[in-house]
Amino acid sequence: MSDNDYLWDGLGAPDPELARLEAALSAFAYRGEPPRPEAVRSAPRPARIPQRPRPRSRSGLRRPHVLGMLAASLLIGLGLGAVVFEGAPRRPAAFFTVEATQGTPRYASRPLNGRFGLLANAWLQTDDAAEARINLADYGALYVSSNSRIRVKRLDIHNPIVEVRYGRIQGLTLKALERDATLISLETPSIHADDQGGVYELTVDGSGWTRLRVDRGQVALKDQTTNRIAFVPAGALCETLPGQGLGVPTFTTASIGLRQAVRAMDLRDLDADRQELNFTVMLVESEVPDTLSLFHMVERVDPRRRLLIVDRICTLVPLPADIERRRLLQAEPRALGRWREHLMPVWRARPQPRDGALAPEPDGGRY
Amino acid sequence: MLVERGDARGAVAEAGIAMDSRTSDSIVLVAAAQSGDREAFARLYQRYARMVHGILLARVPASDAEDLVQDVFLRALEKVGQLRNPGAFGAWLGTLARNRARDFLRRRRSAASLDEEPAGADRPTLEAREALAAIRDLPERPRELLIWRLVEGMTGPEIADRTGASQGTVRVQLHRAMAALRKKLATEKLS
């Protein structure tokens, strides 16, 4: 064993056979992303999402008088609790808690000092100097930035509903064990989002404009009016204006031309010539990862444009034999669903920065 | 509950644990995690995830190893308070991982198979599958060492640090393991 020992410390001249084995075997290496301490001051448990409680054995609860005593105790307990707390934030015994991480946010109209159990529908308000964190059982946390207003509308451990009226939150949730299961539902004035586990940032302004950027994992957006769904995988963002329907997701690595064209296509009040120009730019600028944006346009455009989009996607990612092109041209939901499953691995293989892709615009990419 | 680093160092000193430069950081993190500091536990997760994954990959299908990493850390989080010697965290975590792999295989009632591939974008080549199969045929210690070094990309000093073994021992074992693997691959090539 010489000092120049590649096997030992990876330094020095690599042994060719060893280097080849390393390169090949790296396909099996650990790729899971543990919580980043710098992003998560207090990381959630690296745990499964909570399972629904198993049905209890009825052996101890069979007799009616036992049930009656339990119900009476519960009522007395609830009554005492109401008297003692009188609507004030509770000390944590709950699955969901809220705490200040900077300054003094207000929660349930009172200064938030310390950590408290969450109350359904109580507003959390941060000002210029305040930030807070909502701890979601043992599967995640929402980091609430300054100047934000947010509340938890439903305190269901299996699927809490969080409303963001305005401001910015950063979510970190652990990957759900069930594929595409929803961990948290997020509502803003313009969208409904299903967090399926990951790291993301949701920004909402006073007008209801919403921007979702996903860094890891996946978030599904749903337009409550049209029931359309948009999948935003890691590396992509989606912007939505109230009243304009769901935006089209784009990868942040897409060319600036494509991103601007997609945004313009999202705006319904654009005149026909400019729509056509942007449509052409979108097709020409699209590369393999941009099938994400093209796919989400299929249902929204007229048959002539749909034909062009379908053909462009098929050029970038060949159509599998079990999907008929004519069904796609008719925008049949089942065929589109199967096609989306086929394209999903392409979208999940986080794209690398490309030539022509620019840094986010100085205005933060807002319309 | 967040614990100040100074408090954790104090707790370690009170416990009379020797603080050499190699392991002191981990010991401080373990002590902090035992006091309920989730940030410290997240750092331990980052530091030890590859080691745990390597132990699991040496025993279970690649497609299951990543999910089991989370299981192992969940158990560690539940039990870290019971660990008497924070300096033995790596070895203790390794035991948890080996036990979890055994449980998994017992429940599946089938041996690990290489037919299943990792879910990531990088599909293993035939050479990679054959090499992993050859490594998995080796005895336990060389098997883990080679997976840590060749698959997880850990260096020898890192392996020694994470497992609590001496660098000299790991260096000798690593070279013996590599020699055994070369011999095995050559034999398979000939046959």
Side-chain angles (χ1 to χ4, degrees), chain A residues 1-3 5-11 15 17-50 92 99 101 114-115 133 135 138-139 141 172 174-177 179 197 345-352, chain B residues 1-2 37-43 45-47 49-50 52-54 56-57 62 65-67 69-74 76-78 117-132 135 146-147 149-153 155-158 167 170-172 174-175 178 181-182 185:
Chain A
M1 290 173 284
S2 66
D3 288 340
D5 186 349
Y6 182 76
L7 177 63
W8 171 242
D9 53 16
L11 300 175
D15 172 329
E17 186 188 5
L18 197 55
R20 206 184 62 244
L21 277 173
E22 270 186 300
L25 285 166
S26 66
F28 291 105
Y30 181 63
R31 301 200 190 284
E33 296 285 353
R36 287 177 303 177
E38 65 275 14
V40 195
R41 292 279 161 81
S42 174
R45 284 183 181 203
R48 294 163 179 271
I49 59 169
E99 62 190 300
T101 52
R115 182 189 285 195
R133 179 175 63 225
N135 304 300
D138 57 358
Y139 57 88
L172 186 148
L174 292 166
K175 188 180 166 191
L177 287 184
R179 196 176 165 190
V346 175
W347 304 339
R348 283 182 174 149
R350 202 180 178 113
Q352 299 300 310
Chain B
M1 181 177 64
L2 287 171
D37 183 342
R38 294 291 180 85
E39 179 187 346
F41 195 82
R43 286 191 188 279
Y45 193 127
Q46 284 187 317
R47 190 169 289 190
R50 285 186 298 158
V52 169
H53 185 256
L56 294 165
L57 186 63
E66 235 164 71
D67 284 344
V69 170
Q70 287 213 348
D71 273 12
V72 170
F73 276 96
L74 173 61
L77 183 59
E78 286 166 356
E117 295 176 351
D122 296 343
R123 293 277 172 199
T125 59
L126 183 63
E127 184 190 15
R129 289 153 174 257
E130 287 172 352
L132 186 61
I135 292 172
L146 288 175
I147 287 184
R149 176 65 188 87
L150 300 178
V151 178
E152 307 295 345
T155 62
E158 266 184 289
Q167 291 203 7
V170 171
R171 194 167 188 163
V172 170
L174 195 54
H175 278 273
M178 192 62 213
L181 178 64
R182 283 185 208 273
L185 288 174

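The figures here come from the full heavy-atom set of this structure, side chains too, leaving out hydrogens, waters and symmetry mates. Lettering follows sequence order; numbering is per chain, from 1.
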- Message: Can you tell me which portion of B/Ile147 sits under 4.5 Å from chain A's heavy atoms? Options are side chain, backbone, both or neither.
- Response: neither
- Task: Kindly indicate, with the supporting measurements, whether the criterion side-chain contact (heavy atoms from CB on, under 4.5 Å) is fulfilled by A/Glu17 and B/Leu181.
- Result: CA-CA 11 Å; A/Glu17 186 188 5; B/Leu181 178 64; over 6 Å; no
- Item | Minimum heavy-atom distance B/His53-A/Phe28, with the two atoms named | CE1-O, 3.2 Å
- So how far is it from A/Trp8 CH2 to B/Met178 CE, rounded to the nearest 0.5 Å? 15.5 Å
- Note on the structure: So CZ of B/Arg182 and CG of A/Leu21: to nearest 0.5 Å the spacing works out to 8.0 Å
- Checking heavy atoms, do the side chain of B/Val52, its backbone, both or neither come under 4.5 Å from chain A? neither
- Might you point out which heavy atoms bring B/Glu127 and A/Ala24 nearest each other, and give the distance in Å? OE1-CB, 4.1 Å
- Message: With rounding to the nearest 0.5 angstrom, report the CG to CG distance, B/Leu174 to A/Leu7.
- Response: 4.0 Å
- Message: Quick one, B/Leu146 with A/Leu25, criterion side-chain contact (heavy atoms from CB on, under 4.5 Å). Give me CA distance, side-chain angles, the key distance, then yes/no.
- Response: CA-CA 10 Å; B/Leu146 288 175; A/Leu25 285 166; over 6 Å; no
- Message: Which atoms of B/Val69 are under 4.5 Å from chain A, going by heavy atoms: the side chain, the backbone, both sets, or neither?
- Response: side chain
- Task: Working to the nearest 0.5 Å, report the span between CD of B/Glu66 and OH of A/Tyr30.
- Result: 6.0 Å
- Message: Going by the rule salt bridge (charged side-chain N to carboxylate O under 4.0 Å, His left out), which residues pair with A/Glu22 if we only count those two or more places apart in sequence or in a different chain?
- Response: B/Arg149
- Message: If I measure from the heavy atoms of chain A, does B/Leu185 come under 4.5 Å with its side chain, its backbone, both, or neither?
- Response: side chain
